[in-house]
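What follows is one structure encoded as structure tokens, with my remarks underneath.
Position 1 is the first residue of the sequence; numbering continues from there.
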Amino acid sequence: MTLSANIDKPFLRVLAGESVSPPPIWLMRQAGRYLPEYRETREKAGGFLDLCYTPDLAVEVTLQPLRRYHFDAAILFSDILVIPHGLGQDVAFKQGEGPVLDALKDVDAIDRLDPAGIRDRLAPVFKTVAGLAKAIPESTALIGFAGAPWTVATYMLEGGSSKDFATAKSWMYGRPKAFARLMALLVEATTDYLIAQIDAGAEVVQLFDTWAGALPETQFRAWVIDPIAQITQVIHEKRPGVPVIGFPKGAGVLYEDFVKLTKVDCVGIDTAVPPSWAAKHLQPHCAVQGNLDPILLVAGGEAMDAAARTIMEALRGGPHIFNLGHGIVPQTPPEHVARLVDVVRQGV
Ligand code: 1CP
């Protein structure tokens with residue numbers, strides 16, 4: 001990819017460091033259950049993983065929010081848990097229950113994981129990316145993604161969602177060598193997986209570290225910053241010009257060291273980060289993406305409009321991509337999303 005070929009995409013201009021007004025907009029989880037057409041396609045696919053692994057259907061659900069809202073970026077429809085699945089771990093999505101994995105029990109279970117299998121097992125994902133690269137509008141950028149190693153490791157060790165990450169943290173504190181082995185394997189698998197997405201046509205990649213905020217400082221540095229720095233470095237070396245977005249949700253005051261040390265091209269800020277603080281402390285280092293409260297998108301009305309404008313005012317002096325502070329929730333009225341896009345496109 002050459003940047004000049006895509007210079008008309010506002011999203012890529014911001015990632016290259018430009019301030020663009022009004023800011024480009026896309027929303028985390030922009031495809032999904034809040035859209036009736038998604039629910040219909042999901043029904044047709046059978047299971048959630050079948051949807052992720054059927055390129056025609058995955059392309060279709062990726063395009064659904066673009067047709068309605070003309071976002072500046074499309075994000076590959078998949079899930080962060082396809083990596084464990086690609087490594088050979090059992091993963092299932094049970095309706096209404098969330099993900100269920102066959103939790104890793106011991107070091108042998110780590111050794112049985114198969115990083116070489118990722119490219120074959122996840123071939124349908126790369127096919128979806130290639131299909132999207134052809135199908136999206138010319139001014140729209142294509143984002144590939146993966147879960148960051150810490151967040152993915154929590155699911156692999158807990159066997160699903162968790163409130164306190166007691167099992168994953170017990171490995172981290174109590175079995176440091178085994179935990180380090182799993183994390184090293186995930187760094188390699190994730191890097192390889194993202195490079196394969198880039199080769200299939202992804203123009204940008206985002207790493208979701210949804211549970212970054214659960215870690216104390218020392219562990220945050222070791223298991224959020226270091227792995228993302230390693231992945232970012234290899235992508236910058238091997239696929240120069242492809243920007244990396246990091247989203248270390250809940251990083252708090254460690255956001256600043258996160259951007260300085262990982263050298264990501266853009267950082268996603270969660271709802272709790274004051275935009276004016278991000279303008280001062282993060283924008284000098286990289287582009288900033290965020291950070292409307294997803295629940296304001298449920299509420300809508302003047303509260304949502306005003307908050308969106310406040311965010312744009314605070315971040316207009318530097319590179320800013322408008323987004324939420326976390327993913328869209330299923331009870332979001334689709335017409336509120338349309339209104340938000342109008343407000344953002346009016347600018348400040
Ligand atoms: O029933 C359904 O249709 C499943 C709901 C759903 C959807 C629409 C899941 C299950 N995953 C997805 C798609 C998805 N997941 C995307 C692509 C869609 C888009 O952005 O437009 C992306 C980027 C993700 C990423 C993801 N999956 C994250 C990181 C981002 C975040 O929101 O924090 C995480 C933590 C997951 C795990 C996951 N996937 C699904 C569930 C129910 C969960 C568990 C969440 C939890 O533990 O709280």
>> To the nearest 0.5 Å, what is the distance between SG on Cys266 and CD on Gln206?
In response: 7.5 Å
>> Please give me the minimum heavy-atom distance between Ala212 and Phe220, naming the atom from each residue.
In response: O-CD1, 3.6 Å
> Do any pairs count as a ring-ring contact (aromatic ring centres under 6.0 Å, His included) and have a residue in residues 246-269, sequence neighbours left out, and if so which ones?
Replying inline: none
> Same cluster or not: are Met28 and Val329 linked, directly or through other Ile, Leu, Val, Met, Phe, Trp or Tyr residues, by side-chain heavy atoms under 4.5 angstrom apart?
Replying inline: no
> Going by heavy atoms in the side chains, are Trp26 and Tyr69 under 4.5 Å from each other?
Replying inline: no
> ring-ring contact (aromatic ring centres under 6.0 Å, His included): which pairs involve residues 92-116, sequence neighbours left out?
Replying inline: Phe48-Phe93
> If you round to the nearest 0.5 Å, how far is CG of Asp72 from CZ of Phe11?
Replying inline: 8.5 Å
> ring-ring contact (aromatic ring centres under 6.0 Å, His included): which pairs involve residues 324-348, sequence neighbours left out?
Replying inline: none
>> If hydrophobic clusters are built by linking Ile, Leu, Val, Met, Phe, Trp and Tyr wherever their side-chain heavy atoms come under 4.5 Å apart, do Leu296 and Val298 end up in the same one?
In response: no
> Is there a side-chain contact between Met156 and Leu182, using heavy atoms and a 4.5 Å cut-off?
Replying inline: yes
>> Please determine whether side-chain contact (heavy atoms from CB on, under 4.5 Å) holds for the pair Leu215 and Met172, giving the CA-CA distance in whole Å, both sets of side-chain angles, and the decisive distance to 0.1 Å.
In response: CA-CA 10 Å; Leu215 295 179; Met172 176 188 286; 3.6 Å; yes
>> For Lys280 and Glu256: C-alpha separation, side-chain torsions, deciding distance, then whether side-chain contact (heavy atoms from CB on, under 4.5 Å) applies.
In response: CA-CA 10 Å; Lys280 193 163 166 213; Glu256 196 169 350; over 6 Å; no
> Is there a path of hydrophobic side-chain contacts, each under 4.5 Å between heavy atoms of I, L, V, M, F, W or Y residues, that connects Leu87 with Val107?
Replying inline: no
> Taking C-beta and beyond as the side chain, do Leu142 and Val204 meet within less than 4.5 Å on heavy atoms?
Replying inline: no
> Is it true that Lys9 and Glu138 make a salt bridge, defined as a side-chain N closer than 4.0 Å to a carboxylate O?
Replying inline: no
Validation: residues 315-322 side-chain donor-acceptor distances under 3.5 Å, sequence neighbours left out:
residue	atom	partner	partner atom	Å
Arg316	NH1	Val348	O	3.4
His320	NE2	Gly290	O	3.0

>> Any heavy-atom pair between the side chains of Val205 and Ile235 that's under 4.5 Å?
In response: yes
>> Would you compute the distance between atom CD1 of Ile231 and atom NE2 of His236 and round it to the nearest 0.5 angstrom?
In response: 12.0 Å
>> Nearest 0.5 angstrom please: Asp108 CG to Leu113 CG, how far?
In response: 11.0 Å
> Is the shortest side-chain N to carboxylate O distance from Asp192 to Arg119 below 4.0 Å?
Replying inline: yes
> Mind checking what makes side-chain hydrogen bond (donor to acceptor under 3.5 Å, both in side chains) contact with Gln30, not counting sequence neighbours?
Replying inline: none
>> Just to verify, what does Ala222 make a side-chain contact (heavy atoms from CB on, under 4.5 Å) with, not counting sequence neighbours?
In response: none
> Phe71 versus Leu27: any side-chain heavy-atom pair under 4.5 Å?
Replying inline: yes
Using atom types as modelled, flag every donor-acceptor pair under 3.5 Å from a side chain in residues 52-62 to any protein atom, sequence neighbours excluded.
residue	atom	partner	partner atom	Å
Tyr53	OH	His85	ND1	2.8
Thr54	OG1	Asp50	O	2.5
Glu60	OE1	Arg67	NH1	3.4
Glu60	OE1	Arg67	NH2	2.9
Glu60	OE2	Gln64	NE2	3.1
Glu60	OE2	Arg67	NH1	3.1
Thr62	OG1	Ala58	O	2.7
Thr62	OG1	Phe77	N	3.2

>> Would a single hydrophobic cluster contain both Val234 and Ile198, if residues Ile, Leu, Val, Met, Phe, Trp and Tyr are joined by side-chain heavy-atom contacts under 4.5 Å?
In response: yes
> Roughly how far, to the nearest 0.5 Å, is SG of Cys286 from NZ of Lys260?
Replying inline: 11.5 Å
>> Using side-chain heavy atoms (C-beta onward) and a distance below 4.5 Å, is Ile80 in contact with Thr151?
In response: yes
>> Could you report the tightest heavy-atom contact between Ile118 and Ala189, atom names first, then the distance?
In response: CD1-CB, 4.2 Å
> Of all residues at least two apart in sequence or in a different chain, which pass the salt bridge (Lys or Arg N to Asp or Glu O under 4.0 Å) check with Arg181?
Replying inline: Asp111
>> side-chain contact (heavy atoms from CB on, under 4.5 Å) for Ile228 and Leu261? Distances and angles first, verdict last.
In response: CA-CA 9 Å; Ile228 292 180; Leu261 296 168; over 6 Å; no
> If you group Ile, Leu, Val, Met, Phe, Trp and Tyr by side-chain heavy-atom gaps below 4.5 Å, do Tyr155 and Leu49 land in one group?
Replying inline: yes
>> Is there a salt bridge (Lys or Arg N to Asp or Glu O under 4.0 Å) between Lys169 and Asp164? Walk through the geometry before answering.
In response: CA-CA 9 Å; Lys169 286 184 172 184; Asp164 55 12; over 6 Å; no
> Taking only residues two or more places apart in sequence, or in another chain, which ones meet Arg39 in a side-chain hydrogen bond (donor to acceptor under 3.5 Å, both in side chains)?
Replying inline: none
> Mind checking whether Pro294 and Ile328 have side chains closer than 4.5 Å, heavy atoms only?
Replying inline: no
> Please walk me through it: do Gln289 and Ile245 pass side-chain contact (heavy atoms from CB on, under 4.5 Å)?
Replying inline: CA-CA 9 Å; Gln289 175 172 284; Ile245 305 173; 3.7 Å; yes
>> How long is the straight-line distance from CG of Asp102 back to CD of Gln89, given to the nearest 0.5 Å?
In response: 6.5 Å
>> Can you tell me if Glu40 has over 12 outside heavy atoms packed within less than 6.0 Å of its CD?
In response: no
> Minimum heavy-atom separation for Pro248 to Val224, with atom names?
Replying inline: CB-CG1, 4.3 Å
>> Tell me every residue that passes salt bridge (Lys or Arg N to Asp or Glu O under 4.0 Å) with Glu37, counting only those two or more places apart in sequence or in another chain.
In response: Arg68
> Are His281 and Val253 side-chain neighbours, meaning at least one heavy-atom pair lies under 4.5 Å?
Replying inline: no
> What heavy-atom pair brings Leu81 and Pro99 nearest, and what distance separates the two atoms?
Replying inline: CD1-CB, 3.4 Å
> Which heavy atom of Ala278 sits nearest a heavy atom of Ile269, and at what distance?
Replying inline: CB-CD1, 3.9 Å
>> Using the rule given for salt bridge (Lys or Arg N to Asp or Glu O under 4.0 Å), can you reason through Arg13 versus Asp8, listing the C-alpha separation, both sets of side-chain angles and the distance that settles it, and then say yes or no?
In response: CA-CA 8 Å; Arg13 280 166 48 205; Asp8 287 338; 5.9 Å; no
> Can you find a side-chain donor-acceptor pair between Asn291 and Thr271 that sits under 3.5 Å?
Replying inline: no
> For the residue pair Pro333 and Leu297, what are the closest heavy atoms and their distance?
Replying inline: CD-O, 3.9 Å
> Under 6.0 Å from the CD atom of Glu237, do we count more than 12 heavy atoms belonging to anything else shown?
Replying inline: yes
> Which residue pairs pass the side-chain hydrogen bond (donor to acceptor under 3.5 Å, both in side chains) test when at least one of the two sits in residues 294-312, sequence neighbours left out?
Replying inline: Asp305-Arg339
>> Applying ring-ring contact (aromatic ring centres under 6.0 Å, His included) as the test, list every pair that has at least one member in residues 156-176; sequence neighbours left out.
In response: Phe165-Trp211
